[in-house]
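Report on the following structure.
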Amino acid sequence: MSDSRVIIAGGGIGGLATALTLHQIGVPCIVFEAVRDMRPLGVGINLQPNAVRELCDLGFTQADLDGVGLPVKEWALVGLNGNDIYSEPRGLLAGYHWPQYAAHRGQLHMLLHDALVKRAGPDVIRLGSRVTGYRNNSDGSVGALLQYADGSTSEVSGSLLIGADGIHSAVRAQMHPAQPLIHWGGAVMWRGTTSAKPIRTGSSFVGLGTHRQRMVFYPISHPDPQTGLSMVNWIAEVTMDSTEGWKPSSWFRQVSVDSFAHHFESWIWDWLDVPALLRQANCVFENPMIDRDPVHTWQDGMVALLGDAAHAMYPTGSNGGSQAIVDARVLGAAMVEYGITQEALAAYDAKLCGPISQLVVRNRGAGPFGLLNIVDERCGGTFDNVDQVIPAAERREFMAGYKAAAGFAVEQLNNAPQTIPDGARARPAPRNTARRSP
Ligand SMILES: Cc1cc2nc3c(=O)[nH]c(=O)nc-3n(C[C@H](O)[C@H](O)[C@H](O)COP(=O)(O)OP(=O)(O)OC[C@H]3O[C@@H](n4cnc5c(N)ncnc54)[C@H](O)[C@@H]3O)c2cc1C
């Protein structure tokens, strides 16, 4: 097969947001996705206001987003004594022009998938098609090497290749053959959902515990009007000795609650019963918290990396999925300016690779949960009055620094122009450098 479409490797949130963006600006594309069936996999994911803004610009409505999640009202860190370390309003309540959403990752993924198929037609996604590598051709086109579910292979030619194939990206492996193995700092996460009554504001993101052992939980559905129960997403996390390194076999494994609940047996307060929350879960997945060392560039000729393939990061800042959506929009904006060209990929790379690589490193330092590390350093995690451990102004400054680095500081976002103005189209290629299809 040969044509001038942009080839996207991977139909996750990043790949689909890219395809929707390219369709919006008039760029033909095709998505090759390794799995045979698109299914709503995963549990809770946060969409920061910068990503929600981009989804709105892609034509998604509040009703669409309410169908897959709910607006977040608060972000709170609570110590093991049950006292607040820090809390702040989020989304519209914090003055953003766009809400923050706590969503079901699988349902969000299907929302993007269904919208893309509706807008661009079913042929825009080819399932059971794994990209195994690429060739930058001398005529300025790019070849994607494909392996299909039946074991057969082919090479498909396109104008550009976007590697949105996740943390185990084959495109990145070819672009950076000397990259180190996956990085694991010793934290293990058990993730699940439980039908429960939401606490605090009714839509609070709560981090509870210490820098080495904590629970994070937040509702990802509006409460049932009859029962008042929401689907509450939770992540139980323990940091252990990582000297043996990360074992690939333990990624995304379903486990029983009994295999880890003992770490949280005593976590019971009058406002929360953690063991009960864990034991009532439908199913639980075990994930080591992993990322990748940043690379100096996300571009190789007509090929660029996007989403987790570019910047797999610890979920401490709840921004991996959001950043994948923002990547897609920045890439689209570059094509509006430079057309479907290497220059567009270079502009995208120049804008994002440096700052987002720094964010990856910042998330290793626990991202916004770094406040827990400071509390631990100063008082061993035990306090009566948090103001005596870390004053309110210092807490606020710490959080403001994180939000600015992650691109969702309130004023910065509210005052920023649209990434892609309404009605913008990709710039056509100049006549003498028009892309040829072999
Ligand atoms: C199954 C799954 C469940 C997840 N659950 C959660 C969750 O509950 N909470 C959370 O915060 N984050 C979760 N994530 C991660 C989160 O979705 C991503 O960090 C974020 O959305 C960035 O998306 P991405 O599209 O860059 O990468 P991914 O979401 O990893 O998507 C990559 C896609 O590429 C496909 N793919 C991989 N290799 C190839 C290849 N060689 N050729 C073609 N296709 C390929 C994969 O099947 C996948 O669909 C999950 C990811 C996955 C894949």
Side-chain angles (χ1 to χ4, degrees), residues 7-20 30-48 51 55 68-69 101-113 125-134 144-149 153 156 161-175 189-193 205 216 218 220 231 233-235 251-254 283-287 289-292 298 304-328 331 356 360 363 367:
I7 298 169
I8 299 170
I13 289 170
L16 296 181
T18 304
L20 283 160
I30 183 160
V31 179
F32 290 107
E33 165 55 53
V35 302
R36 289 178 195 221
D37 299 308
M38 279 286 188
R39 283 182 295 134
L41 297 177
V43 281
I45 194 167
N46 261 261
L47 289 175
Q48 303 297 342
L55 290 179
V68 300
Y101 265 83
H104 186 289
R105 184 224 174 245
Q107 290 171 6
L108 170 71
H109 187 209
M110 295 315 290
L111 176 72
L112 301 182
H113 171 267
I125 305 184
R126 301 286 167 83
L127 298 176
S129 309
R130 177 177 295 279
V131 174
T132 56
Y134 64 84
L145 311 178
L146 283 156
Q147 182 173 54
Y148 302 100
T153 58
V156 176
L161 169 65
I162 308 303
D165 47 344
I167 190 168
H168 304 293
S169 169
V171 178
R172 178 177 169 126
Q174 179 174 340
M175 193 181 287
M189 301 179 293
W190 296 276
R191 315 174 70 138
T193 55
F205 177 110
V216 170
Y218 51 90
I220 55 172
M231 186 186 283
N233 177 75
W234 53 258
I235 303 160
W251 175 244
F252 219 77
R253 200 163 58 124
Q254 196 169 339
C283 63
V284 182
F285 290 94
E286 181 181 73
N287 298 169
M289 195 191 282
I290 53 176
D291 67 4
R292 281 200 181 273
W298 299 344
L305 304 174
L306 183 144
D308 279 9
H311 49 65
M313 56 178 93
Y314 281 4
T316 45
S318 311
N319 47 4
S322 295
Q323 189 57 47
I325 292 168
V326 171
D327 292 352
L331 178 65
I356 302 309
V360 170
N363 278 2

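Read the numbers this way: they start at 1 and go in the same order the structure lists the ligands and their atoms. This chain uses plain numbering: 1 for the first residue, then up along the sequence.
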Taking N or O atoms only and a 3.5 Å limit, does [X] qualify as a polar contact for ligand 1?
X	answer
H109	no
I13	yes
G44	yes

State which residues pass ring pair (Phe, Tyr, Trp, His ring centres under 6.0 Å) with W234; sequence neighbours excluded, sorted by chain then number.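 Here no residue qualifies.
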
Element-labelled atoms of ligand 1 that are located less than 4.0 Å from some non-hydrogen atom of [X]:
X	answer
V35	47 (O)
G321	20 (C), 21 (O)
G166	27 (O), 30 (O), 32 (C)
V131	40 (C), 41 (N), 42 (N), 43 (C)
V43	7 (C), 8 (O)
S129	43 (C)
F32	43 (C), 44 (N)
G14	23 (O), 24 (P), 25 (O)

Quick check against the 3.5 Å criterion: does [X] have a side-chain atom that pairs as donor or acceptor with the backbone of [Y]?
X	Y	result
S322	Q48	yes
S129	L127	yes
S169	D165	no
Q174	Y134	yes
R292	A312	no

If you measure from atom 31 (O) of ligand 1 to every heavy atom of G320, G11, G12, A310, which option wins on shortest distance? G12

Going by the 4.0 angstrom heavy-atom rule, the piece of R105 near ligand 1 is side chain

Which bit of P315 is near ligand 1, meaning a heavy atom under 4.0 Å away: side chain, backbone, both or neither? neither

Enumerate donor-acceptor pairs with a distance under 3.5 Å from any side-chain N or O in residues 33-47 to protein atoms, sequence neighbours excluded.
residue : atom : partner : partner atom : Å
E33     : OE1  : G11     : N            : 2.7
E33     : OE2  : V35     : N            : 2.9
N46     : OD1  : Q100    : NE2          : 2.7

Does the side chain of V131 come within less than 4.5 Å of L146's, by heavy atoms? yes

Answer whether the closest heavy-atom distance between the side chains of L306 and I8 falls below 4.5 Å.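 No. Closest side-chain heavy atoms not under 4.5 Å.
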
